[in-house]
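When a residue number appears, it is its place in the shown sequence, counting from 1. Values reported hereafter were calculated over all heavy atoms of this structure, with side chains retained and with hydrogens, waters and symmetry mates removed.
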Amino acid sequence: DFELDDINVESLVPKEARDVETVSEFFEILEQKDSEFEKQISNAEKNGKVLRYIAKYQGGKAVVALQEVGAEHPFFNLTGNDNIVALTTTNYNEQPLTIRGRGAGAEFTAAGIFADILRISNYLG
């Protein structure tokens with residue numbers, strides 16, 4: 001058992017951008033940080049790797065962070081809005097059991113939000 005606060009999360013959003021008051025300020029800061037992200041991508045590519053935002057639970061600790069992964073990693077070939085889960089167990093210790101499929105994506109997320117709005121409207125109306 002653990003709480004959300006027990007998860008070590010490395011945010012993809014720079015700290016400076018999390019405390020702004022306007023959308024334009026948010027995007028200005030992101031633009032200023034573009035070169036840092038481009039450098040991370042370039043360094044990974046030089047090593048024959050790609051960047052993936054990975055949640056990992058191991059040894060009672062949960063971490064979510066941007067990581068470099070090589071071609072041997074099950075997350076290397078993810079494309080578009082794919083999601084993947086890799087389970088390492090006693091029986092799957094050398095090669096993890098992987099479950100891969102389409103993530104929600106913009107269309108499905110928007111449809112879900114719209115459905116929620118309609119449901120709330122019906123509840124309130």
Side-chain angles (χ1 to χ4, degrees):
D1 290 339
F2 62 92
E3 299 295 325
L4 190 56
D5 289 341
D6 297 331
I7 302 171
N8 182 8
V9 178
E10 176 190 295
S11 178
L12 288 177
V13 178
K15 182 166 178 18
E16 303 89 339
R18 288 180 244 157
D19 299 325
V20 298
E21 295 183 17
T22 67
V23 173
S24 61
E25 286 178 278
F26 177 80
F27 282 109
E28 285 174 25
I29 292 171
L30 288 187
E31 285 180 24
Q32 293 168 7
K33 299 291 183 177
D34 274 352
S35 62
E36 292 177 31
F37 281 110
E38 288 169 5
K39 185 176 179 181
Q40 283 182 290
I41 293 168
S42 176
N43 287 339
E45 288 173 349
K46 286 178 188 173
N47 296 324
K49 298 182 178 187
V50 293
L51 296 176
R52 297 290 182 254
Y53 196 56
I54 299 175
K56 186 174 187 176
Y57 180 78
Q58 184 175 16
K61 296 186 181 193
V63 177
V64 181
L66 192 62
Q67 298 178 12
E68 285 187 14
V69 298
E72 73 288 347
H73 196 283
F75 296 2
F76 182 82
N77 289 312
L78 284 176
T79 59
N81 62 352
D82 285 355
N83 284 328
I84 191 167
V85 175
L87 304 169
T88 304
T89 67
T90 303
N91 293 327
Y92 292 97
N93 57 5
E94 292 181 30
Q95 181 179 358
L97 172 67
T98 58
I99 304 165
R100 180 179 175 171
R102 182 177 180 188
E107 289 177 25
F108 290 103
T109 301
I113 291 170
F114 185 65
D116 288 344
I117 291 170
L118 291 177
R119 192 174 12 250
I120 291 169
S121 297
N122 287 335
Y123 176 76
L124 296 175

Could you check whether atom CZ of Phe2 has more than 12 heavy atoms from other residues, nucleotides or ligands sitting under 6.0 Å from it?
yes
Can Phe76 be reached from Leu78 by stepping across I, L, V, M, F, W or Y side chains whose heavy atoms are under 4.5 Å apart?
yes
Would you say Val23 ends up clustered with Leu30 if hydrophobic residues are merged whenever their side chains have heavy atoms under 4.5 Å apart, either directly or through other cluster members?
yes
Which atom of Ala17 lies closest to which atom of Phe26, heavy atoms considered
O-CD1, 3.3 Å
Determine, using the 4.5 Å side-chain heavy-atom cutoff (strictly less than), whether Leu12 and Val63 are members of one ILVMFWY cluster.
no
Which residues satisfy the salt bridge (charged side-chain N to carboxylate O under 4.0 Å, His left out) test with Lys56, sequence neighbours excluded?
none
Minimum side-chain heavy-atom gap Val64-Ile7 below 4.5 Å
yes
Separation between CD1 (Ile54) and NE2 (His73), nearest 0.5 Å, reads 4.5 Å
For Glu28, enumerate each residue passing the salt bridge (charged side-chain N to carboxylate O under 4.0 Å, His left out) test, keeping only those at least two apart in sequence or located in another chain.
none
The reported gap from CD1 in Ile29 to CZ in Arg18 (rounded to nearest 0.5 angstrom) is 11.0 Å
Heavy-atom pair of closest approach, residues Lys33 and Pro14
CG-CG, 3.6 Å
Quick one: does any side-chain atom of Ser121 pair with a main-chain N or O of Ile117 as donor and acceptor, under 3.5 Å?
yes
Measure across Tyr92 and Leu87 and return the closest heavy-atom pair with its distance rounded to 0.1 Å.
CB-O, 3.8 Å
So OG1 of Thr88 and CD of Glu94: to nearest 0.5 Å the spacing works out to 11.0 Å
Distance-minimising heavy-atom pair for Arg52 and Phe75
NE-O, 2.9 Å
Which value, rounded to the nearest 0.5 Å, describes the distance between Ile41 atom CD1 and Phe37 atom CZ?
8.5 Å
Are any of the side-chain heavy atoms of Leu51 and Glu68 separated by less than 4.5 Å?
yes
Evaluate the side-chain proximity of Glu3 to Asp6: yes if any heavy-atom separation is below 4.5 Å, no if none is.
yes
Evaluate side-chain contact (heavy atoms from CB on, under 4.5 Å) for Asn8 paired with Lys61, printing each intermediate quantity in order.
CA-CA 8 Å; Asn8 182 8; Lys61 296 186 181 193; over 6 Å; no
Would a hydrophobic clustering, with Ile, Leu, Val, Met, Phe, Trp and Tyr connected at side-chain separations under 4.5 Å, put Ile84 with Ile99?
no
Please tell me if the side chains of Glu16 and Gln32 come closer than 4.5 Å, counting only heavy atoms from C-beta onward.
no
Between Leu66 and Val69, is there shared hydrophobic-cluster membership here, with clusters defined by ILVMFWY side-chain heavy atoms closer than 4.5 Å?
no
